[in-house]
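Naming: A, B, ... by sequence-line order, numbering from 1 per chain.
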2 protein chains.
Amino acid sequence: MNAPMSIQSCGNCGLSSMWALTQLEMNRLGGIIKKSSPYQRGESIFRQGDAFSSIYAVRAGMVKTTVVNANGAEQITGFYFPGELLGLNGLHEKAYLGTAMALETVSVCEIPFAKLDELSAMLPELRRQLMCRMSQEIADEQNMMLVLAKTSAEEKLGSFLLRLSHRFKRLGFSDTQFRLTMLRVDIGNYLGLAVETVSRTLTKLQQRSVIKVEGKEVTILDIAGLTFLNSNGEQSAKPIALD
Amino acid sequence: MNAPMSIQSCGNCGLSSMWALTQLEMNRLGGIIKKSSPYQRGESIFRQGDAFSSIYAVRAGMVKTTVVNANGAEQITGFYFPGELLGLNGLHEKAYLGTAMALETVSVCEIPFAKLDELSAMLPELRRQLMCRMSQEIADEQNMMLVLAKTSAEEKLGSFLLRLSHRFKRLGFSDTQFRLTMLRVDIGNYLGLAVETVSRTLTKLQQRSVIKVEGKEVTILDIAGLTFLNSNGEQSAKPIALD
DNA sequence: CGCATGTTTGACGATACTCAATGTGTGTGG
DNA sequence: CCACACACATTGAGTATCGTCAAACATGCG
């Protein structure tokens, strides 16, 4: 089992590389950030319903967020990589809308939101970065909605793998070979597929030499093949436009 | 054909009711908002790839947003009601990530983002409201992801109708009887279902007296029935937790 | 080693997609 | 005003895909 991935630590916290702030701004930001002790696999960083107080930046390791729906079933809402922010959805309800759980050994920085808000009044660049990150979160989720709206299991899994690939690349890791930290059942839950379908589809893609799978290790052999799975031009809504 | 729904107009713009700001703050905000002429069905408010400059608040009518994916197919990413904000996802790329199109006669307010940003440094409550709205957008989208991750067409459509119901209620309209502004094909595209499946599922739910459908008019007869469709406790990921 | 957890594979049936035809409504022009 | 064209919606028949159930197979851990 290899070490969980991490971003370069620097200054108070591993955050400066992603926030693009000046030294002064970083110092101010660093002043309000609390470093927390690492979480072990299965431990939760916050829980659904807890009062919202802070957002969290993942420093190392991968986190999954889940909600319990009306039927009492647990549904995964996201996987979070180092450098990504947790808890942004809790602000408007003043409570966390889901539970964040470590998938492996995880290190996070806690950023008290009230202080971040005050600070953002004084530091324009920090404010813009924060907005920007929230905007990105919105965009990422729309992207995920596109994945989920695909009709075939192959497309869903293909898009899922490509998304992972992009995020590993952004972290400086290989975008063609990586480790699926989460379980097959998690992938299925996240994508709205049965576990067995996940397994079978991975096997099928492997047989076609689009990917190689060895347990949790995945190698992407044919990115184009993965991108254009089942690419029948259908399933699109025609524009009303006259415009 | 009835008039498109709208929020109460007030002051410069119909926004104050949703922003919970003081009169002074509203005046300052009103000073930067541009009212735009109405858009007709099929006209676009902004287009995918356009440079990001403003966010838009829907005042009246319904808007759909779409993206064109790798295969050149159009995919719907959202339907927007009066009082909701468009374009928030464009900030981090400095370009709109999708096209926003009027589904009926639509009126919007344009809010130049650069000015909003400046203003938010001076008005703490405005800043918090803005963050709060972005947080809500994130939460709404996660909610939608839950809908899409459902495995059965019935559940997807049921949840879709319930979401619409809640939003109509928030606007002061009936939450049990409303009009589907969008086409069946749009619903299918949005939910990852074939048009025929949308049609058949609506019929099936009607036969079971859960809803009543007459063309675009929908009446919800049994909210509980709609909420707990196909509620087999399965399809959930078991927590790893020891914790 | 043995148990628990996770993954894969097989067989079967239900669900949803495809193709095709038929309804239904709406607006246009004769 | 009606006939027609067009876009949209529904329904039917056949098929592929995916979910379910069950069993075998791996993997990790005490």
Distance in angstrom units between B/Leu183 CG and C/dT24 P, rounded:
19 Å

Quick one: does B/Thr176's side chain have a donor or acceptor within less than 3.5 Å of a partner on B/Ile220's backbone?
no

For atom CD of B/Gln207 and atom P of D/dT11, their distance in whole Å:
8 Å

Among the nucleotides D/dG19, D/dC18, C/dT9, whichever has the atom closest to the side chain of A/Lys204 is D/dC18

Counting only side-chain N and O atoms of B/Thr197, is one of them less than 4.0 Å from OP1 or OP2 of C/dA16?
no

When the distance from CZ of A/Arg200 to P of C/dC12 is rounded to whole Å, what number comes out?
13 Å

Strictly by modelled atom types, are A/Gln142 and B/Glu141 linked by a side-chain donor-acceptor pair under 3.5 Å?
yes

Return yes if the base of D/dC18 and the side-chain atoms of A/Glu154 contain a donor-acceptor N/O pair under 3.5 Å, otherwise no.
no

Just the rounded figure in Å: distance from P of D/dA26 to NZ of A/Lys216.
16 Å

note: B/Arg41, atom CZ; C/dG27, atom P; distance rounded to Å ~ 10 Å

Output the rounded distance in Å from CD (B/Glu217) to P (D/dA9).
14 Å

Identify which nucleotide among D/dT11, C/dT7, D/dT20 has an atom closest to any side-chain atom of A/Ser199, counting heavy atoms from C-beta outward.
C/dT7

Parallel, tilted or perpendicular: which one describes the rings of B/Phe168 and B/Phe81, with boundaries at 30° and 60°?
perpendicular

Starting at CG of B/Leu157 and ending at P of C/dA16, how long is that distance when rounded to a whole Å?
11 Å

side-chain N/O B/Thr203 vs D/dT11 OP1/OP2, d < 4.0 Å:
yes

By nearest atom, which of the nucleotides C/dC17, D/dA9, D/dT20 is closest to the B/Arg184 side chain?
D/dA9

Quick check: does any side chain N or O of B/Thr99 sit under 3.5 Å from a backbone N or O of B/Gln48, one acting as donor and the other as acceptor?
yes

Any carboxylate oxygen within less than 4.0 angstrom of a Lys/Arg side-chain nitrogen, looking at A/Glu104 and A/Arg41?
no

For the pair made of CG in A/Leu193 and C1' in C/dA14, what is the distance, rounded to whole Å?
16 Å

Below the 4.0 Å mark, does D/dT17 have OP1 or OP2 next to a side-chain nitrogen or oxygen of A/Ser152?
no

